[in-house]
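Heads up, the thing below is written out as C-alpha cells.
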Amino acid sequence: MQVRTGYLPFGQYQTYYRIVGDLTSGVTPLLLLHGGPGSTHNYFESFDQFAERAGRPLVMYDQLGCGQSSMPTDPSVFCAETWVKELQNLRTQLGLTKVHLLGQSWGGMLALIYLCDTHPKGVQSLILASTLSSAALWAQEQHRLINSLLPVDQAAIAQAEASGDFTQPAYLKANDHFMLRHAAGPITGTSPEYLRRPKRAGTLAYQTAWGPNEYGPNGNLKAYDYTDKLAQLTLPTLITSGVDDLCTPLIAKTMVDHLPNATWTLFAHSRHMAFIDESAAYFERLTTWFADRA
C-alpha cells in the first residue's frame, strides 16, 4: 500500500499526517482520531492491514501536543476547541470532503464534540471505539473497576486521590496494574514495530485536558457530557468495545441507547483497544460494516 506522510500548517503550529492508500481512488477514506489526549497515531498503523485488504484509504494524524506534531508548552492550547479546529483544518487542507470517521477513546469524544457542535458536512458514518459520552459516568465506572483490584492497589489509589499526590511508587504500581487489566500492554520484543517505536507522548495535553489518570478527570474536559446530544446524530454509527475495557458495557450501552441509528459489537477478549487485542475479529467486523458503504 502507498503510504504518504507530511505536515500541514495549523496557525503557528503544524500537524503531522499519515495517509495509507489513494485518496483519489473514489473510495471514501476512513479518518482516524486517536485517544489520549496525547496518545499519538502509532497504534492506528494496525489498520494498514484493513486498508490493504479492503482497498479503503486511511487518514491518521498526531493531534497537536503529541507525536510528530507541534508540542506547545502553553497549557491553554490544550482544549476541545483547539483539537476541533485542527480536525477542521486537516479536512480542508487534505480535501476530505467525504469521510467515514472513527474515534477511539478521547478520539471518540472529539468526534462527538465535532459532530454535535459544528454539524460538519460529508461524514458518511461514525465508529465509536471504546469511548464515552459522559466524563462523570466514565469516572464512576472506573472506580467500580478499581474495586476489583487487590486491596493493596485499591488502598494506594485511594490514598493518591485523597492526597493529590500521584507520584508515590505504590500508586504508580497500582495504576500500572489497572491499566494492564483494562487498557493495554505489556509491550514486548514481539509486539508490532508501531507499538514498540519510541513516541512523544502528550503528557501536558493529557494532564491539562483530562487529568492525572483515567479515573480522575479534573482537567478542562471534566464537565464533558454529550449523552443528551447524541439524539441529534442520525448517521449510521458502530460502537465497539471490549469485555475488559475501560469503556465498560454500561458506558457503551448508554451511547447505544441514545443514538438513533447505532449498533454495538462487544469483543469478548479485548480491553481498550480491540483492534490490537483481537485484530482479526475487529477488522472482519469493519469489513462487514463497510460492505455496503461507498
Side-chain angles (χ1 to χ4, degrees), residues 32-39 43 80 101-117 125-149 154 157 161 175 177-185 206 209-233 235-278 281-282 285-286 289:
L32 303 166
L33 308 180
H34 68 68
S39 290
Y43 62 171
L101 194 59
L102 183 151
Q104 190 268 341
S105 196
W106 146 250
M109 297 168 63
L110 175 58
L112 292 177
I113 295 168
Y114 173 59
L115 291 168
C116 291
D117 290 357
S125 74
L126 175 64
I127 301 172
L128 297 173
S130 298
T131 189
L132 58 146
S133 61
S134 166
L137 178 59
W138 183 269
Q140 171 189 306
E141 283 292 275
Q142 304 319 298
H143 283 87
R144 184 179 62 79
L145 294 176
I146 287 169
N147 289 335
S148 67
L149 295 176
Q154 294 183 47
I157 290 172
E161 292 188 312
N175 190 60
H177 290 162
F178 179 81
M179 295 299 284
L180 182 62
R181 178 177 291 188
H182 298 293
Y206 181 79
W210 187 252
N213 51 47
E214 282 302 305
Y215 34 86
N218 61 11
N220 55 49
L221 290 169
K222 65 182 178 182
Y224 165 86
D225 194 332
Y226 275 64
T227 303
D228 290 339
K229 296 182 180 182
L230 297 181
Q232 66 184 268
L233 300 182
L235 75 172
T237 302
L238 171 64
I239 294 170
T240 65
S241 62
V243 165
D244 295 316
D245 204 334
L246 297 168
C247 171
T248 65
L250 175 60
I251 294 170
K253 189 175 186 301
T254 296
M255 294 185 289
V256 173
D257 288 347
H258 286 81
L259 285 161
N261 191 14
T263 186
W264 175 25
T265 298
L266 181 64
F267 291 89
H269 308 290
S270 290
R271 295 163 294 173
H272 199 42
M273 301 164 196
F275 48 84
I276 298 295
D277 286 347
E278 292 183 77
Y282 195 89
R285 181 65 184 94
L286 288 197
W289 174 253

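Here the structure is a predicted model, which means the values were calculated and not measured.
- No side-chain heavy atom of D245 sits less than 4.5 Å from a side-chain heavy atom of M273.
- A donor-acceptor pair is defined here as one N or O able to donate and one able to accept, closer than 3.5 Å; no such pair exists between the side chain of Q104 and the backbone of A129.
- With rounding to the nearest 0.5 angstrom, the CG atom of N261 is 11.0 Å from the CG atom of L238.
- Counting all heavy atoms, side chain and backbone alike, L112 lies closest to L132 at CD1-O, 3.8 Å.
- Two residues are said to be in side-chain contact when any heavy atoms from C-beta on lie closer than 4.5 Å; V243 and L266 meet this criterion.
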Could you walk me through whether L102 and L126 pass the side chain to side chain contact (heavy atoms under 4.5 Å, CB included) test, one step at a time? CA-CA 6 Å; L102 183 151; L126 175 64; over 6 Å; no
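- No side-chain heavy atom of I239 sits under 4.5 Å from any side-chain heavy atom of T263.
- Formation of a donor-acceptor pair under 3.5 Å by the Y206 side chain with backbone atoms of N213 is found in this model.
- Contact record, R285 with F267: CB-CZ, 4.1 Å, taken as the closest heavy-atom pair.
- At least one donor-acceptor pair closer than 3.5 Å links the side chain of H182 to the backbone N or O of D244.
- Under 3.5 Å, the side chains of D277 and Y282 contain no donor-acceptor pair of N or O atoms.
- The distance from the CH2 atom of W264 to the CG atom of L128 is 13.0 Å, given to the nearest 0.5 Å.
- The closest donor-acceptor contact from the side chain of T237 to the backbone of L235 lies under 3.5 Å.
- Without hydrogens or angle criteria, E141 side chain to L137 main chain gives no donor-acceptor distance under 3.5 Å.
- No donor-acceptor pair under 3.5 Å is formed between the side chain of Y215 and the backbone N or O of I146.
- The two residues L246 and F178 have their closest heavy-atom pair at CD2-CE2, 3.5 Å.
- Residues L221 and A135 come closest through the heavy atom pair O-CB, 3.8 Å.
- Taking OH of Y226 as the reference point, atom OG of S134 lies at 12.5 Å (rounded to 0.5 Å).
- In this structure, OG in S130 is found 5.5 Å from NE2 in H272, a value given to the nearest 0.5 Å.
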Can you check side chain to side chain contact (heavy atoms under 4.5 Å, CB included) on Y114 and L101, steps first, answer last? CA-CA 11 Å; Y114 173 59; L101 194 59; 4.1 Å; yes
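- Of the residues listed (T254, T227, D228), the one engaging S133 in a side chain to side chain donor-acceptor pair (under 3.5 Å) is T227, and it is the only one.
- Interatomic distance, I251 CD1 to Q140 CD, rounded to the nearest 0.5 Å: 8.5 Å.
- A pairwise comparison of heavy atoms in W138 and T131 identifies CZ3-O, 3.9 Å as the closest pair.
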Stepwise, does the side chain to side chain contact (heavy atoms under 4.5 Å, CB included) test hold for N218 with W210? CA-CA 6 Å; N218 61 11; W210 187 252; over 6 Å; no
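- A distance of 4.0 Å separates SG in C116 from CD in Q232, rounded to the nearest 0.5 Å.
- The backbone N or O of E214 sits nowhere less than 3.5 Å from a side-chain atom of Q142 that would complete a donor-acceptor pair.
- The shortest non-hydrogen separation linking S241 to A252 is OG-CB, 3.9 Å.
- There is a side-chain donor-acceptor pair under 3.5 Å between H143 and E161.
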Under the criterion side chain to side chain contact (heavy atoms under 4.5 Å, CB included), I'd like the reasoning laid out for W106 against L33: C-alpha separation, chi angles, the key distance, then a yes or no. CA-CA 8 Å; W106 146 250; L33 308 180; over 6 Å; no
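- Side chain to side chain, S148 and R181 meet the donor-acceptor criterion of an N or O pair below 3.5 Å.
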